[in-house]
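Take a look at the structure below.
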Amino acid sequence: MARKLERTAGICCDAGEILITSGSLQGLDLVNGILLTRGDTVIIEQATYQGALTRLQRLGVEAVGIPLDRDGMCMDALASALDDLKRRGVRPKYIYTVSTVQNPTGTILSEPRRHEMLRLAAQYGVPIFEDDCYSDLIWDGRRPPALYAMSQHGGVIHIGSFSKSVAPALRVGYIVAPWPLLARMLAIKADAGSGALEQMVLGEFCPRHFDVHIPVLTQALRVKLETLMEALNEQFGTAAEFEDPKGGIFLWVKLPDQVDTQKLFVPALAAGVAINPGAEWSTDKNHGKSRTRLCFANPSHAAIREGVATLAEVCRREFGVPARIANMERARA
Ligand SMILES: Cc1ncc(COP(=O)(O)O)c(C=O)c1O
C-alpha cells in the first residue's frame, strides 16, 4: 500500500500511517467517529457523495456546501465560508473533499487550488478530510499529488478504496493519517479487524496485475461514458447539460428547471431505469432538484442507450421535456 500510494498519489508514508478498513465507508465512519459530535459544523462540496451527507445528517452535524466548477471546489467560496463561520464563532471540524474525480461532478481539484485549500485550512486551523476513492479511474492517468502529499504540516486525513478499481464486494479500503489519529480510530474500530482473505487476494493480485488492469478498466469506462453522452445528446438534445468528466463512473446531468429528479425517480424506476436524484447528492436541495447522477459503469452499451431513451420518454411524459426526442417532435410523431 505504501508503495502504491507513493507511486500514484505522491504520498510518502510507511505502513504505520496506514489503517486497512472495511471499505472507505468504514474510513468515513472512523474519521467522523473521532472528530464529530452532535451540533458540529463541517465544510463539504455542494454536490457530494450521498453516503457522506446522510452520515452527517444522522450525526446531527451541519454541512456547509461550497460550490464547484470545472476545477473542483471554488476557493473564493471556501475562503468566504471559513471567514463567515469564524465571525460567528464556529470552527468547522473538517473540510471534506473528493478532490480527485469528484463524486458526482467528475472534476479534479487543480494543483493551484490544492495549494490554496491547504493554505486556507492552515490559516483557519481546520483539518482537510480527503476522500480519494476514484483517483485510479482517470482517463489520461494524470493527477495532481494528493493533498496529503502536498501538506507540509500535517492536517490532512486521506482515505481510499479498492472498491472502484478492483471490486466493491471486496470491502477493502484504507486510511492514511498520523499515528496519534489512527490510534484513536483503532480504539473505536469495533470489528476486530477487516477481513484478511480479501487483503491476501489483493496482495497477490496487485503487484502483477493492478497496473495492467487499470488502463483496460478506464478505457472501457471511457467508451461507456461516450455512449452515455451520445445517447443523452440524441435523446435529450439541449435539455440535458453536462461537462465531460475527467474520470470515474458517473455523469452529473442538469435537466431543465421544471424537472424535479426526485419526482422523476419513481416513474423512471417503474420503467426500469434507476437514477440518483440530485437533491440527495447536494447540500442545497434547490441546486440539486433538476440534476441527476447517472452511473454508467455496470450497464452494457445497449442497456445505456435503451435506458436513456426510456428516461427521455418518461421525463417528457411527466415534465414535458425534452420536447423533441431522438430529434423528432413527439406531438407530430
Ligand atoms: C466518495 C465516496 N467515498 C466513499 C465511498 C464508499 O466506498 P467503499 O466503502 O466501497 O470503499 C463511495 C462509494 O460510492 C464514494 O463515492
Side-chain angles (χ1 to χ4, degrees), residues 1 4-5 8-9 18-33 35-36 42-59 63 65-66 68 72-73 94-109 128-138 143 146-148 156-177 185 189-191 194-195 198-199 201-202 206 210 217 221 245-252 274-278 280-283 288 291-298:
M1 268 309 315
K4 180 203 180 285
L5 285 167
T8 57
I18 303 171
L19 173 64
I20 299 292
T21 54
S22 305
S24 49
L25 270 180
Q26 190 183 39
L28 268 169
D29 286 333
L30 293 176
V31 174
N32 286 344
L35 293 183
L36 302 183
V42 299
I43 291 183
I44 187 163
E45 284 140 343
Q46 181 187 52
T48 190
Y49 173 43
Q50 185 201 25
L53 272 181
T54 50
R55 277 170 167 70
L56 294 171
Q57 276 154 15
R58 232 181 294 138
L59 292 168
I66 309 292
L68 300 126
M73 194 192 281
Y94 58 63
I95 302 165
Y96 173 75
T97 175
V98 187
S99 49
T100 312
V101 186
Q102 205 264 346
N103 185 357
T105 60
T107 52
I108 296 181
L109 188 68
I128 295 175
F129 181 9
E130 173 176 50
D131 185 342
D132 224 28
C133 69
Y134 294 99
S135 60
D136 289 313
L137 308 183
I138 300 177
R143 56 157 297 172
L147 286 154
Y148 192 94
V156 182
I157 297 175
H158 178 97
I159 64 171
S161 176
F162 287 92
S163 284
K164 322 299 172 185
S165 54
V166 181
L170 282 177
R171 310 307 307 139
V172 180
Y174 49 89
I175 304 175
V176 190
M185 293 184 214
K189 191 173 185 296
D191 58 1
S194 296
E198 293 85 342
Q199 295 174 50
V201 169
L202 279 174
C206 289
F210 191 79
L217 175 65
L221 289 172
K246 295 181 173 158
I249 56 175
F250 32 71
L251 188 66
W252 185 232
I275 61 167
N276 295 124
E280 293 173 9
W281 297 75
S282 192
T283 54
R291 291 179 162 82
T292 181
R293 194 190 82 138
L294 300 179
C295 187
F296 55 82
N298 200 33

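Atoms within a ligand are numbered from 1 in the order they appear, just like the ligands themselves. Keep in mind that what you see is a predicted model, and the values were worked out from it rather than measured.
In this structure, the protein non-hydrogen atom closest to atom 14 (O) of ligand 1 is Lys164 NZ, 2.8 Å. Summary of contacts: the protein heavy atom closest to atom 3 (N) of ligand 1 is Asp131 OD2, 2.6 Å.
Gln199 places a side-chain heavy atom less than 4.5 Å from the side chain of Ser194. Residues Ile66 and Ile95 have side chains not in contact (no heavy-atom distance under 4.5 Å, counting atoms from C-beta outward). Residues Leu53 and Trp281 fail the side-chain proximity criterion, which asks for heavy atoms closer than 4.5 Å.
Distances below 4.0 Å separate heavy atoms of Asn103 from the following atoms of ligand 1: 15 (C), 16 (O). Of all atoms in ligand 1, listed by their number and element, those nearer than 4.0 Å to a heavy atom of Ser24 are 4 (C), 5 (C), 6 (C), 7 (O), 8 (P), 9 (O), 11 (O). Taking every heavy atom of Arg171 and a limit of under 4.0 angstrom, the matching atoms of ligand 1 come to 8 (P), 9 (O), 10 (O). Residue-ligand proximity, Tyr134 to ligand 1, at heavy-atom distances under 4.0 Å covers atoms 1 (C), 13 (C), 14 (O), 15 (C), 16 (O). Taking every heavy atom of Gly23 and a limit of under 4.0 angstrom, the matching atoms of ligand 1 come to 9 (O), 11 (O).
Side-chain contact of Thr97 with Glu45: a donor-acceptor pair under 3.5 Å is present, judged by distance alone. In the model, Tyr94 has a side-chain atom that pairs as donor or acceptor with a side-chain atom of Asn32 under 3.5 Å.
At a 4.0 Å heavy-atom cut-off, ligand 1 touches Leu25 through backbone and side chain alike. Under 4.0 Å from ligand 1, not a single heavy atom of Phe162 appears.
The pair Lys4-Asp136 meets the salt-bridge criterion, since a charged nitrogen lies less than 4.0 angstrom from a carboxylate oxygen.
By heavy-atom distance, the residue among Ala167, Pro168, Ser161 lying nearest atom 11 (O) of ligand 1 is Ser161.
Heavy atoms from other residues, nucleotides or ligands lying under 6.0 Å from CG of Asp191 number more than 12.
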